[in-house]
Amino acid sequence: MSNIIEVTDLAQPELDLFARLTEAQLRSRREQEKGIFIGESPKVITRALDAGCRPVAFLMERKHITGDAQGILARCPDTPVYTASRELLAGLTGYQLTRGVLCAMRRPQLPSVEDLCGGARRVAVLEGIVDSTNVGAIFRSAAALHMDAVLVTPTCCDPLNRRALRVSMGTVFQVPWTRIGEAPPDWPQPGLRRLRALGFKTAAMALSDTTLSIEDPRLMGEERLAIVLGTEGDGLAADTIADCDYTVRIPMSHNVDSLNVAAASAVAFWQLRAR
């Protein structure tokens, strides 16, 4: 039986995880084993549990204890469950809970790039993508469209950000991922060298009249390919483009010059998937 705790005081320190700690404080990058992330919605939480993530505490509307969250709570009988009305919880978190359920969970230990990519044929690399919605959408496309792994550079939004998780529908827990470097000097040249050492050719998705079309058979013929996607607005850094093996464009019509990075990722993942 779950330990149900009625929230009567929004200042309870046990609720800091859900309302008063920043993403950086939750992440605790210097002590990763102590880091926390927040999963929102039963589907996201279920996929996190299926991936082996350990719950710390739940926060939910009362009705979900015997409703949408019933199966989740049955899997976590020793985890405290803080509960209150929808209005009180919105006052605590500052937003309406999606389907009324949050779970604070321990961050998983990330593998090395070498361990993650050892058997991979297609990987996505996210360079400095800061919008959590885009990161979540890219992970969803990566999971659906045959990417073996995702690598995020040091300046990229955290894939375990609450909103990124929600937009990804929990697929962050289904496609393997890790960081390619912990600080900006680790990317691009050192990171690209690591990928080449693993046998990958690198394809920078960028706008240029001198680039290869994404339909070029040389790209699809590569045994191992890393698809490198850049930040919103500016795209990939010039140094990254210069150091990649290919620069690749998506042919477009009606004088459209670019796609949102999440939309471009879906096109690239499908077209460049391993055959």
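Nothing here was measured: the structure is a model prediction, and the numbers come from that model.
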Between the CD1 atom in Ile36 and the CZ atom in Phe18, the distance rounded to the nearest 0.5 Å is 9.0 Å
Can you find a pair of side-chain heavy atoms, one from Val130 and one from Glu232, that are under 4.5 Å apart?
yes
Closest heavy-atom pair, Met147 versus Val175, reported as atoms and distance to 0.1 Å, is O-CG2, 3.9 Å
Worksheet item: If only atom types and distance count, is the side chain of Thr247 paired as donor or acceptor with the main-chain N or O of Ala204 below 3.5 Å?
Response: no
In this structure, CD of Glu222 is separated from OH of Tyr246 (nearest 0.5 Å) by 3.5 Å
Does some side-chain heavy atom of Leu165 sit less than 4.5 Å from a side-chain heavy atom of Glu40? no
So CZ of Arg273 and CG of Leu145: to nearest 0.5 Å the spacing works out to 8.5 Å
Taking Arg75 first and then Asp50, would you say they form a salt bridge - that is, a charged N and a carboxylate O separated by under 4.0 Å?
yes
(Q) Does any part of the side chain of Phe173, heavy atoms only, come nearer than 4.5 Å to the side chain of Leu160, both counted from C-beta? (A) yes
Q. Is there a chain of hydrophobic side chains (I, L, V, M, F, W, Y, each step under 4.5 Å between heavy atoms) that links Leu212 to Met252?
A. yes
| Is Met205 close to Ile250 at the side-chain level, that is, under 4.5 Å between some pair of heavy atoms? | yes
Discussion item. I'd like to know if Leu110 and Trp187 are part of one continuous hydrophobic network [Ile/Leu/Val/Met/Phe/Trp/Tyr, side-chain heavy atoms within less than 4.5 Å].
Written reply: no
Output for pair (Ile72 CD1, Thr79 OG1), nearest 0.5 Å, gives 11.0 Å
ask   = Do Arg106 and Val56 come within less than 4.5 Å of each other through their side chains, counting heavy atoms only?
value = yes
Open item on the list: Using a 3.5 Å distance criterion without hydrogens, assess whether the side chain of Arg224 forms a donor-acceptor pair with backbone atoms of Leu198.
Closed with: yes
Smallest heavy-atom separation, Ile138 atom then Ala262 atom, equals CG1-CA, 3.8 Å
Output for pair (Leu17 CG, Phe37 CZ), nearest 0.5 Å, gives 12.0 Å
Should the ring pair Phe139 and Trp177 be called parallel, tilted or perpendicular, given that the plane angle runs from 0 to 90° and is split at 30 and 60? perpendicular
**OP:** Evaluate the side-chain contact (heavy atoms from CB on, under 4.5 Å) criterion for residues Met105 and Leu49: first the C-alpha distance (whole Å), next the side-chain angles of each, then the deciding distance (0.1 Å), finally the verdict.
**Re:** CA-CA 9 Å; Met105 309 185 90; Leu49 292 173; 3.5 Å; yes
Would a 4.5 Å heavy-atom cut-off, applied to side chains only, mark Arg122 and His146 as touching? no
message = Assess the residue pair Phe58 and Ile45 against the criterion (side-chain contact (heavy atoms from CB on, under 4.5 Å)); give the C-alpha distance rounded to whole Å, side-chain angles, the decisive distance to 0.1 Å, and a yes or no.
response = CA-CA 10 Å; Phe58 291 98; Ile45 295 166; 4.2 Å; yes
Q. Is Leu259 reachable from Ile129 through a run of I, L, V, M, F, W or Y residues, each pair having side-chain heavy atoms under 4.5 Å apart?
A. yes
* **Donor-acceptor pair, side chain of Thr83 and main chain of Met60, under 3.5 angstrom** => yes
Query raised in the report: Do Val261 and Leu236 share a hydrophobic cluster, counting only Ile, Leu, Val, Met, Phe, Trp and Tyr and linking them when any side-chain heavy atoms are less than 4.5 Å apart?
Result: no
With Glu127 as partner, the option from Thr155, Thr240, Thr153 fulfilling side-chain hydrogen bond (donor to acceptor under 3.5 Å, both in side chains) is Thr240
Value for OG1 (Thr202) from CG (Leu192), rounded to nearest 0.5 Å, stands at 5.5 Å
Note: Pro251 and Arg249 closest approach over all heavy atoms is CD-O, 3.6 Å
Checklist line | Residue pair Arg47 / Thr171, side-chain donor-acceptor N/O under 3.5 Å | finding: no
Of Leu229, Ile180, Leu126, Thr178, the one forming a side-chain contact (heavy atoms from CB on, under 4.5 Å) with Val150 is Leu126
Practice problem: Under the side-chain contact (heavy atoms from CB on, under 4.5 Å) rule, what do Val135 and Asn161 come out as? Steps first, then yes or no, please. | Solution: CA-CA 9 Å; Val135 169; Asn161 169 282; over 6 Å; no
Nearest heavy-atom contact between Ser213 and Val248 is C-CG1, 4.3 Å
Quick one: does Asp68's side chain have a donor or acceptor within less than 3.5 Å of a partner on His64's backbone? no
Note, Asp158 side chain near Arg179 side chain (heavy atom, < 4.5 Å): yes
I'd like to check Arg194 versus Leu151 (side-chain heavy atoms, cut-off strictly below 4.5 Å). Are they in contact?
no
Applying side-chain contact (heavy atoms from CB on, under 4.5 Å) to Ile5 and Glu14, what does each step give before you reach the verdict?
CA-CA 11 Å; Ile5 303 166; Glu14 298 89 345; over 6 Å; no
What one should report as the nearest heavy-atom pair of Leu195 and Val125 is CD1-CG2, 4.1 Å
Heavy atoms of Pro159 and Val172 approach each other most closely as O-CG2, 3.7 Å
Connected via hydrophobic side-chain network under 4.5 Å: Val123 and Ile214 = no
